[in-house]
Amino acid sequence: MNTRIILSSALLALSALSTATAWAADGSPVGLWKNIDDATGQPKALIRITESDGELKGKIEKLFRPAEEDQNPKCVKCEGALKDQPIVGMTILSGLKKDGDEYNGGQILDPANGKLYKSKLTVVEDGKKLNVRGYIGMPMLGRTQTWVREE
């Protein structure tokens, strides 16, 4: 019986790995990503991007913070329903839909300042990196972060 459980677990793990590899290979942004701080070059968070009915969403799974900082901060600068909610578990990307080689039409929340920006994503380097652009008005009025695939 233990052999059957071990074999089933191994097959499940292998299936999950092959699914993640397939997403990376087909250029999909679905998966787990590490975002990197533009100024310091240090990792800031892990964000899991999922797809449902052709729409992408991204939720923060983990923050990388110095030990002396609050490890479960709240979005004190957010407005509305997100005000004072924990940042870990928060959906920060939403509404993105495939448009050629990009994903457009969505928005991204910056929990550091509580502001929402229009957003677009581009998968690069054979699915290993993701260029995430947040902007106001037109894409040329914004900034791009490069996220690195974790799985």
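Panel note: side chain E51, backbone G54; a donor-acceptor pair is recorded below 3.5 Å. Judged by distance alone, with hydrogens and angles left aside, the side-chain atoms of D37 form no donor-acceptor pair with the main-chain N or O of Q42 at under 3.5 Å. In this structure, the side chain of R133 does not engage the main chain of L121 through any donor-acceptor pair within 3.5 Å.
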Taking distance alone, no hydrogens or angles, what donor-acceptor pairs closer than 3.5 Å link side-chain atoms of residues 75-88 to residues at least two apart or in another chain?
from, atom 1, to, atom 2, distance (Å)
K83, NZ, V76, O, 2.4

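Annotation: side-chain contact (heavy atoms from CB on, under 4.5 Å) contacts of N104 (sequence neighbours excluded): D99, E102, K120.
From K118, atom NZ reaches atom OH of Y135 across 6.0 Å, with rounding to the nearest 0.5 Å. To the nearest 0.5 Å, the span separating CD1 on I36 from NZ on K129 amounts to 9.0 Å. How far CG of L93 is from OH of Y103: 13.0 Å, rounded to the nearest 0.5 Å.
By the rule that hydrophobic residues join a cluster once side-chain heavy atoms approach within less than 4.5 Å of another member, L116 and I49 end up as members of one cluster. Grouping the Ile, Leu, Val, Met, Phe, Trp and Tyr side chains by contacts below 4.5 angstrom, directly or via other members, places V123 with V30. Put simply, L63 and I108 are part of the same group of oily side chains (I, L, V, M, F, W, Y) that touch within less than 4.5 Å, one to the next.
Between E150 and L46 the shortest side-chain heavy-atom distance falls below 4.5 Å. Contact check for N131 versus W147: no side-chain heavy atoms found under the 4.5 Å cut-off. Taking the side chain as every heavy atom from C-beta outward, Y117 and I136 approach each other to under 4.5 Å. Considering only heavy atoms from C-beta on, W33 stays 4.5 Å or farther from V148 through its side chain. The shortest distance between side-chain heavy atoms of I47 and I92 falls below 4.5 Å. Side chains of V132 and S119 form a contact here, defined as non-hydrogen atoms less than 4.5 Å apart.
Minimum interatomic distance between L56 and P29 (heavy atoms only, all atoms of both residues): CD1-CG, 3.3 Å. Considering all non-hydrogen atoms of both residues, P73 and Q71 come closest at CD-C, 3.4 Å. Contact detail for I60 and A45: the closest heavy-atom pair is CG2-CB, 4.4 Å.
Among residues at least two apart or in separate chains, salt bridge (charged side-chain N to carboxylate O under 4.0 Å, His left out) pairs with a member in residues 54-71 are R48-E61, R65-E69.
Other residues, nucleotides and ligands place no more than 12 heavy atoms under 6.0 Å from the CG atom of D101.
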